[in-house]
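Each remark here refers to the structure printed beneath this line.
Order of appearance sets the numbers: ligands from 1, and atoms from 1 within every ligand. For reference, positions follow the sequence shown, starting with 1. Predicted model only: the values in this text are computed from it and were never measured. Just so it is clear, the values below take in all heavy atoms, side chains as well, and ignore hydrogens, waters and symmetry mates.
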Amino acid sequence: MAAAATSHLVSSPACRRHRRTLTNHRLSQNPVARIPVAPLKGAAAGPLKRLQLRAAVSQNTAVDQQATAFKHCFSKSRDGFLYCEDVKVEDVMESVERRPFYLYSKRQITRNVEAYREALEGLEGAVIGYAIKANNNLKILEHLRGLGCGAVLVSGNELRLALRAGFDPTRCIFNGNGKLLEDLVLAAQAGVFVNVDSEFDLENIVAAARIAGKKVNVLLRINPDVDPQVHPYVATGNKNSKFGIRNEKLQWFLDAVKSHPNELKLVGAHCHLGSTITKVDIFRDAAALMVNYIDLIREQGFEVNYLNIGGGLGIDYYHTGAVLPMPRDLIDTVRELVLSRNLKLIIEPGRSLIANTCCLVNRVTGVKTNGTKNFIVIDGSMAELIRPSLYDAYQVNKHNNIICSLSYKIDL
Ligand SMILES: Cc1ncc(COP(=O)(O)O)c(C=O)c1O
C-alpha cells in the first residue's frame, strides 16, 4: 500500500563533516597480491597466465561526506499524532479494510531514487538496480520501474515478479550462488544480465543458454576480499564469503568464458561487499581492485563495459542523528575510477531505497499486567514482523495511540 502524501519531513541534526584516512591493513586482505593463480582445470584453451594485481587499495580515500540532513517521512506532529508526510496515520488506519498494515510513502521512495539519480549524473549509462529482496511488493516494484530503476534478482520468482512489474530486462541482473537451471533458462530467454558465481554456476549458465538458444550476457562476480566492517551475517565480499568467484581463479573463468563463445558474452564484473555499510571509502577500496581486474580482463580481448559495485549503503536504523553517507558520498568515492576506465556503473541498493519509506501500523487491542510487568497488546504479531522476536533485531517504535515500527518488510 502506498500512501499519497505531501512533504512533511523531519531532518536529523546537521551532519558533521567526516574524514577518515585509510590505513594499509586491508592490503593484506587481498590474496591476489600474494597467491599465484590456480592451475586451469576443465576450461579449455588460452595460455596460462599469471594474473597480477596492479591496483593497491586506494591510497587516498579520505571521503568528504555531504552535510545533507537525512530525511524521514514519518513524524510526530504538534497535535501528538504520527504523520506520514502530511497524512495522519490514524486516519489511514480508520480507512483501511484490514489491519495491521504496512504504510509506505511513495514520495519518500521517489526521493530516495532521485538521490541516487542525481548522484549518478555525469556517469553515462549507469543503472540503479533495485535489490528486490528488500521489498517485493508489486506496487512498489512498478513505482520503482516507473522511476527508471532496474532490478536485482536472486531467484526465478523474483525474476518473474520483475518481468510482471515491467522492468526492462536489459536493466536487470540475476544474482546468487544457487541459481537453478530452470530459472537460468528463464533469465536467458528474458535477456537479463547474469552474474557468474562459481564453476558449477557457469556450467548451468552455459546449459541454460543452449536450452534457450540465446547467448547470455554475464558478469563475473569477483570476491574482492574487502572487509566491509559490518555484522558478519551481512558481510559478503570477504575471503570467507560463500559468494562470488575466488579472485585468484579469475583466469580460469576467463578461459571458460572464452571457450563458450556461442553461449556467453562477458560484459562486466560485479562485487557486493555486504549491507549496512556506513564507511563509503570501503566501496572505493573495492572499486580500485575491480577496475584493475577489468584492466586484466580487457587485456585478454574482452569488451567489458560494466562495473557493478553492488548495494549495501547503510541506513538510519536508530534515528539518533548519526552521520550517514548519502548516495552522493558513495558515488563520488568511485566516480573517478569508473570514468577513468570508461565504464558503465551498476549499483544494487536495497534497504537504502525502501527502509525509511515504510511503517507497520498496529492498533492497541488492550493493556494487561502480570503484577510486575505491563503489556501493551496490539493486533500485529511476528507473522507481520518476525525479525525482533526471531533474533532481537532492532526496531524503532513510535507511540501515540498507535504503535508504529519503522521496518523492513523482508529480512535480508
Ligand atoms: C548481491 C546483492 N546486491 C544487493 C543487495 C542489497 O543490499 P542492501 O539492501 O544492503 O543495499 C544484496 C543484499 O543482500 C545482495 O546480496
Quiz item: Hey, is R351 touching ligand 1 through its side chain, its backbone, both or neither, going by heavy atoms under 4.0 Å?
Solution: both
Practice problem: For S275, take its heavy atoms, then give the atoms of ligand 1 lying under 4.0 Å from any of them. | Solution: 7 (O), 8 (P), 10 (O), 13 (C)
Practice problem: Assert yes or no for the condition that the ring centre distance of Y130 to F167 is strictly below 6.0 Å. | Solution: no
Practice problem: Between A131 and ligand 1, find which residue part has any heavy-atom pair under 4.0 Å and reply side chain, backbone, both or neither. | Solution: side chain
Quiz item: Do NZ/NE/NH1/NH2 and the carboxylate oxygens of R171 and D168 come within less than 4.0 Å?
Solution: no
Exercise. Answer with yes or no whether the side chains of N157 and S155 bring together a donor and an acceptor at under 3.5 Å.
Key: no
Quiz item: Does an N or O anywhere in K133 fall below 3.5 Å from an N or O of ligand 1?
Solution: yes
Practice problem: Take every heavy atom of G312, measure it against each atom of ligand 1, and state whether any distance is under 4.0 Å. | Solution: yes
Quiz prompt | Side-chain donor-acceptor pair present, Q251, Q300, cut-off under 3.5 Å | solution = yes
Quiz item: Backbone or side chain, does any N or O of V152 fall under 3.5 Å from an N or O of ligand 1?
Solution: no
Self-check item: G310 near ligand 1 by a heavy-atom separation under 4.0 Å
Solution: no
Exercise. Return yes if a side-chain donor-acceptor contact under 3.5 Å exists between N175 and E348, otherwise no.
Key: yes
